[in-house]
Visitor: 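Right, I'll just put the structure down here and ask away after.
Whatever order the structure lists them in is the order used to number ligands and atoms, beginning at 1.
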Amino acid sequence: MTTSTARPLLGCIADDFTGATDLANMLVRGGMRTVQSIGIPSAEVAAGLDADAIVIALKSRTTPVAEAVEQSLAALAWLREQGCEQIFFKYCSTFDSTAAGNIGQVSEALLAALGSDFTLACPAFPENGRTIFRGHLFVQDQLLSESGMQNHPLTPMTDANLVRVLQSQTRLNVGLLRYDTIAQGAEQVQARIAELRAQGVGMAIADALSDSDLYTLGSACADLPLLTGGSGLALGLPENFRRAGKLRDLDASKLPAVSGGEVVLAGSASIATNGQVAAWLEAGRPALRIDPLALAAGEPVVAQALAFARDNEQTVLIYATSSPQEVKLVQQQLGVEQAGSLVENALGEIAQGLRQSGVRRFVIAGGETSGAVVQALGVQLLQIGAQIDPGVPATVSSTEEPLALALKSGNFGGRDFFSKALNQLAQAGGAQ
Ligand SMILES: Nc1ncnc2c1ncn2[C@@H]1O[C@H](COP(=O)(O)OP(=O)(O)O)[C@@H](O)[C@H]1O
Ligand SMILES: O=C(O)[C@@H](O)C(=O)COP(=O)(O)O
């Protein structure tokens with residue numbers, strides 16, 4: 001059975017922009033027409049919404065706890081006003097947190113506001129190598145704390161034991177939903193959740209080794225008011241709504257075509273992005289590196305980048321991407337936040353300048369970086385299209401003059417991601 005209603009069923013709050021896009025990608029793959037809003041939609045944007053799922057992208061991953069909680073609660077209030085039946089709090093598949101938070105505190109506040117006493121925490125994303133066993137997060141074959149994430153510029157992850165990490169961020173009792181229970185199916189999961197609840201556990205890290213485990217969790221949690229996790233945990237959710245006859249029959253990934261110039265902007269220092277930048281350079285394609293120290297010294301880096309792009313006939317890459325050692329050196333001189341915001345602001349200004357000169361298709365690498373660039377471009381709403389690589393869809397902005405954007409989480413995408421994304425954005429509607 002299908003209905004023609006456009007009322008949003010699933011309301012999502014994401015703690016960063018690429019994370020939001022990753023979740024939206026998963027929902028579109030499941031057949032839910034999905035839009036991503038940059039912050040809480042204005043009344044004007046809200047009036048024109050036509051979606052089964054809405055993802056509100058915040059930039060709350062690395063902000064002070066109180067700010068993250070306040071923003072998330074405001075997003076929740078708005079989603080509830082729209083009548084969303086279930087809420088999903090999306091954070092990183094590598095559980096990115098600062099030493100202070102914010103995953104635990106935000107989840108706790110959302111639970112309280114929803115009047116609920118239990119939720120799951122499951123960042124697993126097996127398709128991208130993130131699995132959880134006995135509460136420990138693995139990235140491919142390595143523990144989180146040995147995966148390269150221990151060197152992240154803003155959220156270094158030095159402990160792979162998620163029960164311990166989460167417990168340090170919340171007053172709720174944190175428990176564990178182990179793999180052996182999940183392997184027994186949705187009914188056993190529900191029974192175990194009832195036991196955990198009876199023991200006073202407010203949040204449980206859920207193990208998951210495969211998509212099949214995530215479908216089991218999704219199906220078992222159809223009635224939980226709040227779910228928290230990576231995009232993987234959303235795999236099973238569209239089916240819950242379909243089974244209830246609430247989804248429409250339509251191509252959820254259809255996007256309008258966008259013509260114009262194109263560029264790649266990279267502000268991520270992750271291993272995957274370093275590989276993608278290397279692949280671009282090895283192919284002999286034009287690229288310009290932004291030096292944070294030159295920015296700090298007040299050199300005209302933005303103007304130089306714009307001139308570089310203008311003077312090149314081919315598509316250019318502008319990047320701050322560096323090795324962990326180089327990033328550390330810069331951070332020692334400038335401080336972590338100052339280095340990050342200098343680079344983010346510069347890439348934002350470059351994006352603005354490029355749009356003025358006719359660029360309409362942007363491939364952006366890095367979560368914080370994407371947030372900064374999208375804000376600089378004044379984008380409020382994105383329609384989500386087909387997947388480019390796992391976790392990264394093509395998107396088109398609902399601006400007066402639409403922009404095609406691929407917002408790539410630092411660690412996502414194959415080595416050829418930049419070329420692949422440019423090709424897909426250039427095809428009509430971003431379709432594959
Ligand atoms: N060369 C560099 N030195 C210092 N900081 C950098 C450098 N390059 C990028 N950064 C900063 O590192 C952060 C990377 O975060 P983000 O964009 O979220 O990437 P990822 O998705 O890999 O986490 C950003 O704040 C960015 O400005
Ligand atoms: O869940 C994930 O891994 C991503 O969706 C994500 O949130 C990544 O964040 P960044 O690495 O900061 O882009």
Visitor: Does the ring centre of F412 sit less than 6.0 Å away from the ring centre of F125?
Guide: yes
Visitor: Tell me which protein heavy atom sits closest to atom 5 (O) of ligand 2, plus the residue, atom name and distance to 0.1 Å.
Guide: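 Closest protein heavy atom to atom 5 (O) of ligand 2: D22 OD2, 2.6 Å.
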Visitor: Just heavy atoms, cut-off under 4.0 Å: does D16 contact ligand 2 by side chain, backbone, both, or neither?
Guide: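 Side chain only; the backbone of D16 stays clear of ligand 2.
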Visitor: Relative to ligand 2, is F125 under 4.0 angstrom through side chain, backbone, both or neither, heavy atoms considered?
Guide: neither
Visitor: Mark up the atoms of ligand 2 that fall under 4.0 Å of a heavy atom belonging to F412, in ascending order.
Guide: 2 (C), 3 (O), 4 (C), 5 (O)
Visitor: Is there a nitrogen or oxygen of R130 sitting under 3.5 Å from a nitrogen or oxygen of ligand 2?
Guide: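 No, no N or O pair falls under 3.5 Å.
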Visitor: How does V330 reach ligand 1, by side chain, by backbone, by both or by neither, if only non-hydrogen atoms under 4.0 Å count?
Guide: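 The part of V330 near ligand 1 is the side chain, not the backbone.
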Visitor: Assess E344 for proximity to ligand 1: is some non-hydrogen atom of it under 4.0 Å away?
Guide: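 Yes, E344 has heavy atoms under 4.0 Å from ligand 1.
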Visitor: Any non-hydrogen atom of T273 lying under 4.0 Å from ligand 1?
Guide: no
Visitor: Run the contact test for H152 against ligand 1 with a 4.0 Å cut-off on heavy atoms, strictly below, and give the result.
Guide: yes
Visitor: Measure the distance from atom 9 (O) of ligand 2 to every protein heavy atom, then report the residue, atom name and distance (to 0.1 Å) of the closest one.
Guide: R61 NH1, 2.8 Å
Visitor: Does an N or O from S93, backbone or side chain, lie closer than 3.5 Å to an N or O of ligand 2?
Guide: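 Yes.
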Visitor: Counting heavy atoms only, which part of P292 comes closer than 4.0 Å to ligand 1: side chain, backbone, both or neither?
Guide: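 Side chain only; the backbone of P292 stays clear of ligand 1.
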Visitor: Does K408 reach ligand 2 with a nitrogen or oxygen that is under 3.5 Å from one of the ligand's nitrogen or oxygen atoms?
Guide: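 N/O-N/O distance below 3.5 Å does not exist for this pair.
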Visitor: Out of all atoms in ligand 2, which are within 4.0 Å of some heavy atom of G367? Include the element for each.
Guide: 12 (O), 13 (O)
Visitor: Could you tell me whether ligand 2 has any atom less than 4.0 Å away from a heavy atom of G410?
Guide: yes
Visitor: Counting non-hydrogen protein atoms only, what is the nearest one to atom 8 (C) of ligand 2? Give residue, atom name and distance.
Guide: S409 OG, 3.0 Å
Visitor: If you measure from each non-hydrogen atom of A320 to ligand 1, which part falls under 4.0 Å: side chain, backbone, both or neither?
Guide: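 Looking at A320 and ligand 1, atoms from backbone and side chain both fall under 4.0 Å.
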Visitor: For atom 9 (C) of ligand 1, what's the nearest protein heavy atom and its distance?
Guide: G267 O, 3.1 Å
Visitor: I need the atoms of ligand 2 closer than 4.0 Å to a non-hydrogen atom of K90, numbered in the order shown.
Guide: 1 (O), 2 (C), 4 (C), 5 (O), 6 (C), 7 (O)
